[in-house]
Peer 1: 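Dumping the structure here so I can ask a few things about it.
Lettering follows sequence order; numbering is per chain, from 1.
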Amino acid sequence: MALPDDRYNFRETEAKWQTTWAAKNSFTIEEPSSKPKYYVLEMFPYPSGRLHMGHVRNYTLGDVVARYKKAKGFNVMHPMGWDAFGLPAENAALERGVHPGKWTLQNIAVMREQFQPLGLSLDWSREITSCDPAYYKHEQKMFLDFLKAGLAYRKESWVNWDPVEHTVLANEQVIDGKGWRSGADVEQRKLNQWFLKITHFAEDLLQAIEGLDRWPDKVRLMQHNWIGRSEGARVLWPLVSKDGKDTGETLEVFTTRPDTLFGASFCAISSQHPLAVKAAEGDAALADFIADCNRSGTSTAAIETAEKKGYDTGLKARHPFDPTKTVPVYVANFVLMAYGSGAIFGCPGHDERDMEFARKYFLPVRCVVAPVGEDAVAFAAKLEAGNVAFSDDGVAINSDFLNGLKVDAAKRAAIDKLESLKLGKGTVQYRLRDWGVSRQRYWGCPIPIIHCDSCGAVPVPDKDLPVTLPEDVTFDVPGNPLERHPTWKNVNCPTCGKAARRETDTFDTFFESSWYFARFCSPNLTDRPFSETAAMKWLPVDQYIGGVEHAVLHLLYSRFFTRAMSACGYLNLQEPFDGMFTQGMVCHETYRGADGAWLEPGSVNKTGDSASYNGQPVTVGRSEKMSKSKKNTVDPQRILDTYGADSARLFMLSDSPPDRDLEWTDAGIEGAWRYLNRLWRLAVNAAEIPDGPLPLVLDPAPAGVQRQIHRTISAVSDDLEKFRFNSAVARIRELSNALADMDRSVVGGNAVYRFGVATVAQLINPLAPHISEEIWQMLGTTSILTETKWPAFDPALLEDDTVTIAVQVNGKLRGTITVAKAADKAALETAALAIPAVQKQLDGKPPRKVIIVPGKIVNIVAA
RNA sequence: GCGGGCAUGGCGGAACUGGUAGACGCGCCAGACUCAAAAUCUGGUGUCCUUGGACGUGGGGGUUCGAUUCCCUCUGCCCGCACCA
């Protein structure tokens, strides 16, 4: 007789089930359906042309959730699309002379094929591509609606300019003073730009973080800090010209410490402040100083090393509480135009920076807050003589009507006074700034605006939407090809008909990703971006999964967009993502040859602790995120060809908790592959056992395994709910081990074994869907596992009748006792004291105290 | 500088609300099978000393009958923000 092949044929099996699922449309939603909905979404990929391990991990994690929820009885939506606008397409055009659109669509075709062998439970009928006019025409309309609603505007302002990408960057895209993609030092430029009014929702975006209880704390904290709320006051300082006359103008400053106003010794304004620009007109030295400030001050290194510098404008500001007193007005390099009003008052005694500035320019230091309970006079003398500011809580001194008040009360009193004098008011300031969405790029969604000399910025009429990109463009010169296109740019004004110009900027690519999750709800609708009914049914996304690098960028923009879309009547929803999960990176060891060049893992010979390349020694570096530059990438295609999708999935899921970094190792994937083969052999044996009911009375061994099966169902379900996939795998392996070790010849042995194998197949299905389907089929079931309900456990079988509990003496383990679960304290104590090792420790003396926690522990305190 | 997180065998990591530390896996060691290798299987594997113990969750201290878990403190690493008034 031919023995069944004991080696699992993943190639055949995986292809077979992928075909089956596709033929049965297993992953499209049920419509109509009485089941509760569940929307699983992973951040859609940029079509770079190659699937990498980070993708595999991301989509595997989402797939586990999608498959598990489906088995749990939810109507699951799990769509996929392409974040298809972006700079790499233009770079490809530059390097290879291929059109960005063509390059992108080719990549999408390649990657869609690469996705297939992963066996993901995706609904491809909902596929969307963001560079398709059928997609982006809706966001053009949406933008015009935002404009009407006052949520979009155009303004000349200082912007972050990336000199390598030749485009503007949003604040969120500037990391350490450098462009987030190019790494180039960002410059400041003054340009006319379109902005989305994200600050309109600052308070709401902040408050609502509270309710995002299924988001990682880390991300919530990052958004909280990014929005950066601070309470304070705007204070008006009447200005006095150089010749001592009141100019009638006022200088507005923002402060969080109005209680320290009596300690003011100067005012300082940003080099970009209108007052500074005006003052520089008649002062060449000041103009030079301002130019100097604008040049530096962006890169990290510059900020860290830059000393506080100022230039006295000669203007004076009159103190709001004491009109007899004036302070000098400086232009200072450390004052940011973009925060508050671009001007501050300096209180050296209670602000570190102001102290540094005051010492440098010999400005007075006045103590106006002293710690509670300290001698105020002595403290003030010390502070005013020293170089250290005091910024903690205390009591106001030397402050007229504020004297004796603690900081909070003094703040309130100062604000009340300012308001009664009409020289200021209490206010809330945010760090968050409006989102600049104009990009001087070709490969993005055109901004549907026409600039007319007579009519200004005119929205493109609805009937002319979408504004599509011209195909005939070249990339041989830097800059935006739309800008120099001969015809596309020149159009007539829709309002007056005169010659006008199209807006040649395109949207930031974060625009597309800010609403795609809603588009998936009605991906083929032509007249609207999505149906409100469908969106309100499916949104919010129940589980969103992606990298932590989008903690403030994409996730904040999407939260804003959802509010903006609601404000414009597209839907009625505040938060787009109910549950958020941020996965860790995929890492690998790095290798360098004798010449210091990076080496690919595949080319390095590893034997034990040493490594070599062509006989030369290789330096093994620490594990880092897989990247092309360090050559420590592993091609998913090769892994899938060698071990199959289930092995790759299982390894990625079992090696580390999903939110931590994963270290890719060959040994690890081989371990997963070995396990699948062991599981396969269990199944081959189980398939020979005829199906039938379990005997009523089981031999103790299978009875124990029977309980373990139920415990495992319970534990794995819990693990899957809580993203503890690594622990779920461990439990399943434990059960597999127990099944393999069990004596099947006793009463109930075979039946429990068969039941156990079937259960393992069900439990591992979300993690390794192909082999589990195959096993399920081998066991003679008629349904496919993908359409089978998640197994239930019998609560009565979760626990044993007897329990083994630890016995400690003085907190140290001295033995264990196995007793009936219901055993009372007295029985536990008697059993514990009978242990020889315990008696030895007690040395004949009676115990001083015995702590008994039934079912858990007995701890004997020796005399 | 400010804010947050983490630290457990050779390695990745378990340990739910304080209750048998090291589950599960990787690696390693020994054995079986083999002419041999691979694959597979069996057993072992925190450290130290002699059975039996002692020690052990980054260091130090504390609370507790009992601490990987709670508190204080120090050290190291990682992440975010960065002159935010």
Peer 1: Quick check: does any side chain N or O of A:D354 sit under 3.5 Å from a backbone N or O of A:C347, one acting as donor and the other as acceptor?
Peer 2: yes
Peer 1: Can you list everything that forms a side chain to side chain donor-acceptor pair (under 3.5 Å) with A:Q808? Sequence neighbours excluded, please.
Peer 2: none
Peer 1: Is it the case that A:T804 and A:T818 place a side-chain donor and acceptor less than 3.5 Å from each other?
Peer 2: yes
Peer 1: Parallel, tilted or perpendicular, judged at 30° and 60°: which one describes the rings of A:H319 and A:F321?
Peer 2: tilted
Peer 1: Given the P atoms of B:rU50 and B:rU34, what is the spacing between them in whole Å?
Peer 2: 40 Å
Peer 1: Can you list every stem that RNA chain B is part of, counting only runs of 3 or more consecutive Watson-Crick or G-U wobble pairs with both distances under 3.5 Å?
Peer 2: B:1-7 with B:75-81, B:10-12 with B:24-26, B:27-32 with B:40-45, B:46-49 with B:52-55, B:58-62 with B:70-74
Peer 1: For a quick check of understanding: with a heavy-atom distance under 4.0 Å over all strands, which category does A:N737 fall into, base, sugar-phosphate or nothing?
Peer 2: sugar-phosphate
Peer 1: Run the ring-centre check on A:Y330 versus A:Y361 and record whether the distance is less than 6.0 Å.
Peer 2: yes
Peer 1: Take a 6.0 Å sphere around NZ of A:K360 and say whether it holds more than 12 heavy atoms from other residues, nucleotides or ligands.
Peer 2: yes
Peer 1: Would you mind classifying the nucleic acid contact of A:T665 as base, sugar-phosphate or nothing, using non-hydrogen atoms under 4.0 angstrom?
Peer 2: nothing
Peer 1: Taking the P atom in each of B:rG22 and B:rU73, what is the distance between them to the nearest angstrom?
Peer 2: 32 Å
Peer 1: From the set B:rC65, B:rA23, B:rA85, return the single nucleotide nearest to any side-chain atom of A:E734.
Peer 2: B:rA23
Peer 1: Map A:V807 and A:Q841 onto RNA chain B by nearest heavy atom, then report which one ends up closer to the 5' terminus.
Peer 2: A:V807
Peer 1: Treating primed atoms plus P, OP1 and OP2 as sugar-phosphate and everything else as base, which nucleotides of nucleotides 10-19 of chain B get B, S or - for protein heavy atoms under 4.0 Å?
Peer 2: --SSS----B
Peer 1: Between B:rC84 atom C1' and A:R229 atom CZ, what is the distance in whole Å?
Peer 2: 15 Å
Peer 1: Taking the C1' atom in each of B:rC26 and B:rU17, what is the distance between them to the nearest angstrom?
Peer 2: 32 Å
Peer 1: Rounding to a whole Å, what distance do you find between A:Q708:CD and B:rC24:P?
Peer 2: 10 Å
Peer 1: Which of these nucleotides, B:rG27, B:rU40, B:rG3, is closest to any side-chain atom of A:A667?
Peer 2: B:rG27
Peer 1: Would you indicate what A:V253 reaches in the nucleic acid, counting non-hydrogen atoms under 4.0 angstrom: base, sugar-phosphate, or nothing?
Peer 2: nothing
Peer 1: Atom CD of A:Q429 and atom P of B:rC84: how far apart are they, to the nearest Å?
Peer 2: 13 Å
Peer 1: How many Å lie between CD1 on A:I269 and C1' on B:rC83, as a whole number?
Peer 2: 17 Å
Peer 1: In terms of side-chain heavy atoms of A:L813, which of B:rG3, B:rA85, B:rA21 is nearest?
Peer 2: B:rA21
Peer 1: Nearest whole Å is fine: how far is B:rG1 C1' from A:F334 CZ?
Peer 2: 15 Å
Peer 1: Taking atom P of B:rC78 as reference, at what distance in whole Å does atom CE of A:M222 sit?
Peer 2: 17 Å
Peer 1: Could you work out the separation of B:rA23 and B:rC74 based on their C1' atoms and round it to a whole Å?
Peer 2: 32 Å
Peer 1: Tell me: CZ of A:R814 to P of B:rG66, nearest whole Å?
Peer 2: 14 Å
Peer 1: Have a look at A:R353 and say if it touches a base, only the backbone sugar-phosphate, or nothing, with a 4.0 Å heavy-atom cut-off.
Peer 2: base
Peer 1: For the side chain of A:V335, counting heavy atoms from C-beta on, which of B:rA82, B:rA85, B:rG52 is nearest?
Peer 2: B:rA85
Peer 1: Could you tell me whether A:R229 and A:E203 make a salt bridge, using a distance below 4.0 angstrom between a side-chain N and a carboxylate O?
Peer 2: yes
Peer 1: Which is true for A:K309 with a 4.0 Å heavy-atom rule: it touches a base, it touches only sugar-phosphate, or it touches nothing?
Peer 2: nothing
Peer 1: Does a side-chain heavy-atom distance below 4.5 Å link A:K425 with A:I415?
Peer 2: no
Peer 1: Under 3.5 Å, is there any donor-acceptor pair linking the side chain of A:K308 to the base of B:rC83?
Peer 2: yes
Peer 1: Regarding A:G228, tell me which of base, sugar-phosphate or nothing describes its non-hydrogen contacts under 4.0 Å with the strands shown.
Peer 2: nothing
Peer 1: Where does B:rG9 land, syn or anti, given syn is within 90° of 0?
Peer 2: syn
Peer 1: What distance, rounded to whole Å, do you find between the two C1' atoms, one in B:rC84 and one in B:rU75?
Peer 2: 31 Å
Peer 1: Identify which nucleotide among B:rG4, B:rA85, B:rA23 has an atom closest to any side-chain atom of A:A730, counting heavy atoms from C-beta outward.
Peer 2: B:rA23
Peer 1: Starting at atom NE2 of A:H224, determine the distance to atom P of B:rC84, rounded to an integer number of angstrom.
Peer 2: 16 Å
Peer 1: Would you measure the distance from the P atom in B:rU68 across to the matching atom in B:rG62 and give it in whole Å?
Peer 2: 15 Å
Peer 1: Where do A:N225 and A:R431 land on the side chain to side chain donor-acceptor pair (under 3.5 Å) test, with the steps shown first?
Peer 2: CA-CA 8 Å; A:N225 293 339; A:R431 209 188 76 108; over 6 Å; no
Peer 1: Centres of the A:W215 and A:F581 rings: under 6.0 Å?
Peer 2: no
Peer 1: Side-chain N or O of A:K812 less than 4.0 angstrom from OP1 or OP2 on B:rU20?
Peer 2: no
Peer 1: Considering only the C1' atoms, how many Å lie between B:rU57 and B:rU8, rounded to the nearest integer?
Peer 2: 4 Å
Peer 1: Measuring from atom CE of A:M652 to atom CG of A:L61, what distance do you get when rounded to the nearest 0.5 angstrom?
Peer 2: 8.5 Å
Peer 1: Is it possible for you to check whether A:K308 lies under 6.0 Å from the centre of the six-membered ring of A:F357, through NZ or CZ, and within 45° of that ring's axis?
Peer 2: no
Peer 1: Using the C1' atom in both, what is the distance from B:rG18 to B:rA30, to the nearest Å?
Peer 2: 40 Å
Peer 1: Return whichever of A:W226 or A:T255 has its heavy-atom-nearest nucleotide of RNA chain B closer to the 5' end.
Peer 2: A:W226
